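Okay, so here's the structure we're looking at.
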2 protein chains.
Amino acid sequence: MPKLRLAIVQTNPTVGDVTSNLNRCFEQVAEAASAGANLVLFAEMVATGYPIEDLATRAAFVVQAQDAVADMAKRLDAAGLGEITVVIGHPALAAQPNNWAIAHNRASVLRHGRILHSYDKHHLPNYGVFDEFRNFVPADELLTFDLAGYRISVVICEDIWQSGGPVAQISQRSTDLTLVLNGSPFEADKDDRRVSLVSALAKSTNSAVAYCNLVGGQDDLVFDGDSLFATATGAIVARGRQFEEDLLLIDFESRNQASLTDSPLNERSATNLDNRWQIWNAIVTGLRDYVEKNGFKSVILGLSGGIDSAVCAALATDALGPHRVFGVSMPSEYSSDHSKSDAHDLAKRLGINIREVAISKGVELFDEQLGLTGLAEENLQARLRGLILMSLSNKEGHLVLTTGNKTELAVGYSTIYGDSVGGFAPIKDVAKTLVWDLARWRNEFALSQGQIAPIPENSISKPPSAELRPGQLDQDSLPEYELLDQLLELYIETRVSETDLIAKGFDRDVVQRVIRLVSIAEWKRRQGAIGPKISAMSYGRDRRMPITNKFK
Amino acid sequence: MPKLRLAIVQTNPTVGDVTSNLNRCFEQVAEAASAGANLVLFAEMVATGYPIEDLATRAAFVVQAQDAVADMAKRLDAAGLGEITVVIGHPALAAQPNNWAIAHNRASVLRHGRILHSYDKHHLPNYGVFDEFRNFVPADELLTFDLAGYRISVVICEDIWQSGGPVAQISQRSTDLTLVLNGSPFEADKDDRRVSLVSALAKSTNSAVAYCNLVGGQDDLVFDGDSLFATATGAIVARGRQFEEDLLLIDFESRNQASLTDSPLNERSATNLDNRWQIWNAIVTGLRDYVEKNGFKSVILGLSGGIDSAVCAALATDALGPHRVFGVSMPSEYSSDHSKSDAHDLAKRLGINIREVAISKGVELFDEQLGLTGLAEENLQARLRGLILMSLSNKEGHLVLTTGNKTELAVGYSTIYGDSVGGFAPIKDVAKTLVWDLARWRNEFALSQGQIAPIPENSISKPPSAELRPGQLDQDSLPEYELLDQLLELYIETRVSETDLIAKGFDRDVVQRVIRLVSIAEWKRRQGAIGPKISAMSYGRDRRMPITNKFK
């Protein structure tokens with residue numbers, strides 16, 4: 001049989017921008033064609049971006065996407081690309097809508113100017129961040145078609161993560177090559193699970209597997225690409241870049257014989273395999289795409305001299321370049337000298353803009369007008385800083401970044417409408433201890449590249465403090481971060497109960513206090529900015545808890 | 001056959017407070033028993049409150065609820081109430097959990113100290129505000145049991161709103177009486193749909209139907225009770241109160257013969273049938289329960305002299321009484337004289353607390369420090385007011401109410417971290433034109449009761465203005481509210497497309513501008529306070545749209 005040259009294409013679409021997305025896909029088909037590809041595989045829902053959430057329930061949107069894909073088939077043919085078989089993801093009206101969902105999550109096969117075949121997703125994930133059972137109508141039938149003498153089957157994402165359904169028919173249909181369209185968001189360690197899954201699928205179905213994933217940020221999700229190709233023996237023979245568009249060319253001879261074209265296997269460097277590299281780049285991607293896709297020119301953030309704002313500034317600089325990052329130092333009478341000097345040191349290392357706006361007059365004014373002391377006065381300081389950042393945002397057009405980390409968010413160690421103001425929260429899903437790890441890693445990485453370490457050593461090593469009263473330290477009101485993060489991970493991510501945490505040897509008072517703090521902070525989290533998910537359980541769509549909740 | 005005396009019991013549980021909830025149920029069983037009841041029907045998930053959201057995925061919580069129900073059966077028996085058959089809703093561990101959900105949404109039948117039978121919900125609603133397919137494992141088998149010679153079947157809520165499933169077996173099993181446990185949130189006009197549905201179910205299954213609903217507020221949902229009893233002819237012979245706990249006693253003789261005990265049919269007065277009465281009381285219930293269940297002593301809100309804050313203050317006064325309501329007038333140099341006098345008039349009419357805190361010094365300070373003009377200065381004023389309310393909340397312990405209406409929320413006509421600050425948004429789901437209607441209705445209602453009209457006529461009749469610059473009117477930057485609300489309802493609730501709106505005769509520029517405003521306000525809505533749902537499509541869990549979204 002003739003060889004099949006398969007292109008696995010990673011695309012970074014923008015949700016709702018069907019025209020631009022399909023124009024980009026068109027360019028990528030042309031690119032694949034000029035490299036001799038016969039078959040081009042795109043990711044899940046690439047036509048619309050993903051996830052489209054309740055846009056899936058608007059008929060005009062679904063029809064627009066569906067029509068645009070049919071139109072793309074015609075345009076490919078008109079451009080002399082009609083011989084190429086293109087497999088592409090998009091929504092499509094369902095013949096049998098239910099009382100809410102009207103659309104399928106579809107993969108269509110284009111050739112000779114027409115849509116030849118379609119596959120509609122069977123397993124609709126509806127856990128964690130996913131609401132697909134809400135928004136799509138499920139289907140049952142595997143798609144298998146013939147191309148150049150090969151039997152090719154098509155499924156979509158969750159179909160291979162669950163047992164049963166169309167995947168069970170792949171081997172019955174003597175499939176040579178299974179194409180899997182994916183919109184699989186990044187989580188630390190998920191890449192390893194995908195490799196095992198794809199390899200196991202290939203072996204169990206005795207079929208080669210091409211796994212194509214989206215790239216880019218969409219609100220709180222980051223798609224990391226990392227597309228894969230496995231032969232039926234389960235061997236991974238090709239792997240796409242992470243966090244970047246990519247085009248993998250595979251020469252396919254049989255289910256057991258395939259090789260990456262024109263380049264050796266895209267082995268990851270040791271750096272890329274490092275979880276911290278992956279997490280850092282996931283956040284950079286999420287932040288960059290939020291800024292670019294929403295049309296912001298620049299970002300602004302408060303620089304306290306502490307570790308959180310330093311890491312956020314470094315992430316923003318990596319995402320956007322230093323000239324698009326604006327720092328503001330907002331000292332009060334309780335601010336230490338190092339809070340100012342560390343902030344300026346950071347700005348200098350990063351090459352970003354910095355200015356200083358003191359808040360003491362505002363504190364004085366409201367203290368006097370309202371008679372504030374204690375916590376009310378501490379919150380006042382944070383809110384005056386929030387007000388300054390929002391005012392500068394309104395005046396100059398920057399997106400405000402809020403610099404709270406996951407640990408603070410968990411226990412409500414922040415001032416709502418104060419340090420929480422902003423449209424995007426880069427380290428929202430990064431626990432405090434991981435913030436320090438990332439800072440150290442980023443500095444080491446810079447040094448290994450012969451560059452200046454971006455984050456001042458002092459910001460990493462000094463004891464964390466909100467500096468809202470004289471001599472205040474985080475550890476005055478919270479358990480040590482090492483302990484706190486360990487407890488939170490067990491309680492939130494692993495869902496260990498209070499009883500079992502105490503049985504594991506954690507101090508009863510600490511456990512009960514932390515659980516109580518998590519519970520009463522729910523209303524603040526609900527009003528928080530979105531930020532990139534990097535863990536298996538982020539605060540956002542992953543965890544949907546009632547605010548009114550007396551369960552302890 | 002002996003008559004069966006059925007008690008349909010409306011309960012107001014608190015989510016997570018299993019002990020208190022079941023103690024309340026125990027009291028209600030005792031009350032029903034002393035009225036001679038043999039069979040007591042409670043609502044869906046009454047043991048835990050509803051919806052429990054992702055609490056359903058915490059094994060310790062599910063087990064606690066399940067054990068507490070078994071324990072309640074024993075306690076009833078020990079108290080000499082073991083002869084009574086009690087049907088009660090609670091979560092229970094599923095024998096076959098999936099990769100996320102571990103529990104069933106269950107109805108258990110208690111008698112003689114034991115759980116005799118169980119029914120697990122089949123249709124798990126996963127649209128609108130519901131996430132049940134996310135959080136529960138579905139089941140397939142109808143429960144039918146015998147009691148005193150009658151055949152009794154049990155289903156739960158959504159099971160009767162969808163076709164197929166266990167409901168299809170009701171008539172095959174010669175059911176005399178179908179018990180339906182519900183957690184059905186209030187929406188304007190939904191009461192009529194429930195009556196039709198229950199009546200039609202009775203006729204189609206040739207079975208009497210007892211429909212029991214929860215009451216009370218849980219975050220953004222309000223359960224309105226309004227329980228029903230229909231004979232197999234479809235005749236409604238009993239109806240529970242709206243928004244209050246209630247206990248309906250029905251003497252059941254056969255599927256066609258049943259009557260309300262000891263009282264005539266609970267006919268609604270013309271007042272209660274009025275949609276405005278229902279909406280007003282839904283909000284009052286939602287607000288009161290949010291305050292009480294979360295342990296707040298009082299609420300605070302800005303009083304601008306305008307209609308929105310006036311209606312919110314009147315709602316809060318109806319919910320909590322005047323002494324628990326604290327108003328703050330926060331004039332600026334742009335505030336009209338009537339903004340202050342109308343606020344004071346309102347406070348006097350309601351008998352609530354009021355104080356004045358001027359913002360001009362703060363405006364001056366930041367204008368000078370940051371050089372603000374135009375929109376940035378307008379937002380500054382709103383944010384200083386937000387800061388004052390939050391400071392007073394921190395100092396004095398009030399819950400802050402935010403007074404934005406649905407129309408403002410839709411088009412983003414508000415200042416984030418300014419007038420949007422607060423933990424609860426009473427009129428979040430009330431369009432501006434409906435705010436006026438409610439105000440007029442509430443005044444008329446007061447006058448009809450011989451009371452003072454709570455809302456100053458001037459707040460109702462004057463042209464709406466944010467008063468953030470001299471002579472500013474809402475209608476300078478927004479279409480007339482009559483038109484705007486009509487457009488928004490068609491676009492959001494009815495999901496009419498831009499093209500179809502223009503085809504209906506709406507001005508193209510207005511349509512496009514409004515749709516654009518809705519789209520770019522998504523990030524603000526995402527950070528908004530919760531508030532009671534009163535429409536078929538509230539901004540909250542009902543409508544989940546991406547922030548990054550280029551679909552127009």
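Quick caveat: nothing in here was measured; it's all calculated off a predicted structure. Each chain gets a letter, A, B and so on, in the order its sequence line appears, and its residues count up from 1.
- The minimum heavy-atom distance linking B:P546 with A:I52 is given by the pair CD-O, 3.7 Å.
- Only the side chain of B:Q64 has a heavy atom closer than 4.5 Å to any heavy atom of chain A.
- For A:A529, the parts lying near chain B are the backbone and the side chain together; criterion is any non-hydrogen pair under 4.5 Å.
- Cation-pi geometry between A:R495 and B:W100 is met: the NZ or CZ atom falls under 6.0 Å from the ring centre, inside 45° of the normal.
- Scanning for ring pair (Phe, Tyr, Trp, His ring centres under 6.0 Å) contacts around A:Y417 gives an empty result, with sequence neighbours left out.
- Ranked by non-hydrogen atom pairs under 4.5 Å with chain A, the options B:L375, B:L384, B:V18 are led by B:L384.
- Within residues 123-132 of chain A, the residues having any heavy atom less than 4.5 Å from a heavy atom of chain B are, in residue-number order, A:N126, A:Y127, A:G128, A:F130, A:D131.
- Contacts of A:L365 with chain B are made by side-chain atoms alone, with heavy-atom separations under 4.5 Å and no backbone atom involved.
- In this structure, chain A has heavy atoms under 4.5 Å from both the backbone and the side chain of B:T548.
- Interface remark: B:F366 contributes side-chain atoms only to the contact with chain A (heavy atom separation under 4.5 Å).
- Checked against ring pair (Phe, Tyr, Trp, His ring centres under 6.0 Å), B:Y491 has no partners two or more places apart in sequence or in another chain.
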Acceptor/donor pairs from residues 367-374 of chain B side chains to any protein atom, 3.5 angstrom cut, sequence neighbours excluded:
residue: B:Q369; atom: NE2; partner: A:A358; partner atom: O; Å: 2.6

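- Between the OG atom of B:S393 and the CD1 atom of A:I416 there is a distance of 10.5 Å, given to the nearest 0.5 Å.
- Contact annotation for A:F133: both backbone and side-chain heavy atoms come within less than 4.5 Å of a heavy atom of chain B.
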